Novice: 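Structure below; questions to follow.
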Amino acid sequence: MDQTIKELLARVERIEAIEEIKALKARYLNACDKQEPEAVRECFVAQGAIVDMDYFGYCDNRDTFVDDVFVPRGCHDYVLDMHHGANPEIEILDEKTAKGVWSLNYRNINTQDHTLTMLSALYHDDYVKTEAGWRIAKSRTEYRTVMVCNYEPGSLRVDVAARTLADVM
């Protein structure tokens, strides 16, 4: 009976960790959409976070990511974003580490430049459990598809439709 209780406890702890990581990723994606830099920052480990966004930049700490990438690119009244994460594949490695893959459906409407960007990507994340809870230690973005359109009232023109952002950058 003792072994069964231990096994059940381990399963419950694993399920709780997975749910906490899902909530963490949801907080991150929602903070991006709400343009909340401090909430984005808090989703990452305080020291040594790696954010590899390929074409958009590589950052070796959360402050560089938030202050030099997120705020300049995403925190404007004319930027309307939707980050929709789905299909989480989360693997708990031990009590303090996990990894996950998420699909991202991203939409950006830029009312200043009159552009609509839609892309899909995979997030490859490493997580660590800190005193404050689970945090992202590393996130690498693998872009899968992209479409960039220009719009004016009554028209929409597709400028790029591709598997890579190299065609856009």
Side-chain angles (χ1 to χ4, degrees), residues 17-45 49-91 98-128 133-169:
I18 289 170
E19 290 304 314
E20 288 171 17
I21 290 168
K22 287 179 182 178
L24 167 67
K25 194 66 171 188
R27 278 195 313 277
Y28 168 72
L29 297 171
N30 290 332
C32 288
D33 290 347
K34 293 187 285 184
Q35 301 179 1
E36 296 178 341
E38 294 314 310
V40 168
R41 191 181 321 268
E42 286 303 312
C43 292
F44 292 88
V45 293
I50 294 175
V51 182
D52 181 357
M53 297 178 64
D54 198 9
Y55 305 101
F56 289 115
Y58 178 93
C59 304
D60 61 5
N61 66 75
R62 70 183 190 175
D63 295 327
T64 300
F65 168 63
V66 171
D67 299 335
D68 296 349
V69 177
F70 176 69
V71 170
R73 287 184 174 269
C75 294
H76 306 281
D77 290 341
Y78 58 85
V79 172
L80 311 173
D81 280 345
M82 184 215 51
H83 294 74
H84 182 193
N87 307 328
E89 298 177 32
I90 300 169
E91 181 181 353
K99 64 182 183 176
V101 176
W102 295 79
S103 60
L104 173 69
N105 177 12
Y106 172 77
R107 179 186 66 218
N108 168 274
I109 301 170
N110 185 313
T111 61
Q112 176 177 287
D113 296 341
H114 298 275
T115 58
L116 166 64
T117 302
M118 297 176 285
L119 66 81
S120 66
L122 294 175
Y123 283 122
H124 299 270
D125 294 342
D126 293 342
Y127 307 99
V128 297
W134 287 95
R135 295 294 183 264
I136 302 167
K138 180 178 181 182
S139 183
R140 180 179 61 84
T141 306
E142 175 191 352
Y143 298 99
R144 306 295 295 166
T145 62
V146 63
M147 180 181 285
V148 179
C149 304
N150 277 284
Y151 69 88
E152 295 295 333
S155 72
L156 181 67
R157 182 184 76 238
V158 177
D159 290 334
V160 176
R163 288 198 179 275
T164 175
L165 285 176
D167 297 331
V168 178
M169 305 311 282

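Here the structure is a predicted model, which is why all the values come from computation and not from measurement.
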Novice: Okay, side chain of Gln35, backbone of His76: is any donor-acceptor separation there less than 3.5 Å?
Specialist: yes
Novice: I need the single residue from Thr115, Leu116, Leu80 that forms a side chain to side chain contact (heavy atoms under 4.5 Å, CB included) with Asn110. Which is it?
Specialist: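 For Asn110, the side chain to side chain contact (heavy atoms under 4.5 Å, CB included) test succeeds with only one of Thr115, Leu116, Leu80, which is Thr115.
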Novice: Would you check if Met147 and Val158 make a side-chain contact, meaning some heavy-atom pair closer than 4.5 Å?
Specialist: yes
Novice: Any donor-acceptor pair under 3.5 Å linking the side chain of Arg135 with the backbone of Glu42?
Specialist: yes
Novice: Judged by atom type as modelled, is there a donor-acceptor pair below 3.5 Å linking the side chain of Thr145 to the main-chain atoms of Arg163?
Specialist: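 The answer is no, because no donor-acceptor pair under 3.5 Å joins these two groups.
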Novice: Charged N to carboxylate O under 4.0 angstrom, Asp125 versus Arg140?
Specialist: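 No, Asp125 and Arg140 are not salt-bridged.
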Novice: Could you walk me through whether Cys43 and Leu24 pass side-chain contact (heavy atoms from CB on, under 4.5 Å), step by step?
Specialist: CA-CA 7 Å; Cys43 292; Leu24 167 67; 3.8 Å; yes
Novice: Any sub-3.5 Å donor-acceptor pair from Tyr143's side-chain atoms to Met53's backbone N or O?
Specialist: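 Yes, because the side chain of Tyr143 sits within donor-acceptor range (under 3.5 Å) of the backbone of Met53.
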Novice: By side-chain hydrogen bond (donor to acceptor under 3.5 Å, both in side chains), which residues pair with Gln112, not counting sequence neighbours?
Specialist: none
Novice: Are Lys99 and Tyr127 side-chain neighbours, meaning at least one heavy-atom pair lies under 4.5 Å?
Specialist: no
Novice: Check Gly74 against Val79 and note the closest heavy-atom contact, atom names and distance.
Specialist: O-CG1, 3.8 Å
Novice: Quick one: does Pro37's side chain get under 4.5 Å of Phe70's, heavy atoms only?
Specialist: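 Touching, per the 4.5 Å side-chain cut-off.
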Novice: What are the two closest heavy atoms between Arg144 and Ala121, and how far apart are they?
Specialist: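 Minimum heavy-atom contact is CG-CA, 3.9 Å.
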Novice: Are any non-hydrogen side-chain atoms of Phe44 and Val51 less than 4.5 angstrom apart?
Specialist: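 In short, these two side chains touch, coming nearer than 4.5 Å.
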Novice: Could you walk me through whether Ile90 and Ile18 satisfy the side-chain contact (heavy atoms from CB on, under 4.5 Å) test, starting with their C-alpha distance in whole Å, then the side-chain angles of each, then the deciding distance to 0.1 Å, before giving a yes or no?
Specialist: CA-CA 7 Å; Ile90 300 169; Ile18 289 170; 4.0 Å; yes
Novice: When you compare the side chain of Leu29 with that of Tyr123, does any pair of heavy atoms fall below 4.5 Å?
Specialist: yes
Novice: So, the side chain of Thr117 versus the backbone of Val148: is there a donor-acceptor pair under 3.5 Å, distance only?
Specialist: no
Novice: Kindly compute the distance separating CG (Asp52) from CG (Asp60), expressed to the nearest 0.5 Å.
Specialist: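 Asp52 CG to Asp60 CG: 11.0 Å, rounded to 0.5 Å.
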Novice: Could you tell me which non-hydrogen atom of Val40 sits nearest to which non-hydrogen atom of Ala31, and how far apart they are?
Specialist: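 Distance-wise, the nearest heavy atoms are CG2-CB, 3.7 Å.
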Novice: Less than 4.5 Å apart, side chain to side chain, heavy atoms only: is that true for Ser139 and Lys25?
Specialist: yes
Novice: Checking the side chain of Arg62 only, and the main-chain atoms of Arg41 only, is there a donor and an acceptor separated by less than 3.5 Å?
Specialist: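 Side chain of Arg62 to backbone of Arg41: a pair is present.
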Novice: Partners of Glu20 by side-chain hydrogen bond (donor to acceptor under 3.5 Å, both in side chains), sequence neighbours excluded?
Specialist: Trp134
Novice: If you compare all heavy atoms of Thr111 against all heavy atoms of Tyr151, which two are closest, and at what distance to 0.1 Å?
Specialist: CA-OH, 3.3 Å
Novice: Taking all heavy atoms of Ile136 and all of Ala49, pick out the closest pair and write down the distance.
Specialist: O-CB, 4.3 Å
Novice: What distance separates His84 NE2 from Arg107 CZ, expressed to the nearest 0.5 Å?
Specialist: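 The NE2 atom of His84 sits 11.0 Å away from the CZ atom of Arg107.
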Novice: For Leu156 and Cys149, which heavy atoms make the closest approach, and how far apart are they?
Specialist: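 Shortest heavy-atom contact: CD1-CB, 3.5 Å.
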Novice: Okay, side chain of Asp33, backbone of His83: is any donor-acceptor separation there less than 3.5 Å?
Specialist: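 Yes: the side chain of Asp33 pairs with the backbone of His83.
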Novice: May I have the step-by-step check of side-chain contact (heavy atoms from CB on, under 4.5 Å) for Tyr78 and Ile109, ending in yes or no?
Specialist: CA-CA 8 Å; Tyr78 58 85; Ile109 301 170; over 6 Å; no
Novice: With heavy-atom distances below 4.5 Å as the criterion, would you say the side chains of Asn108 and Tyr106 are in contact?
Specialist: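 The answer is yes; the side chains approach within 4.5 Å.
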Novice: Below 30° counts as parallel, above 60° as perpendicular, anything between as tilted: where do the rings of Tyr28 and Phe65 land?
Specialist: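 Plane angle between 30° and 60°, so tilted.
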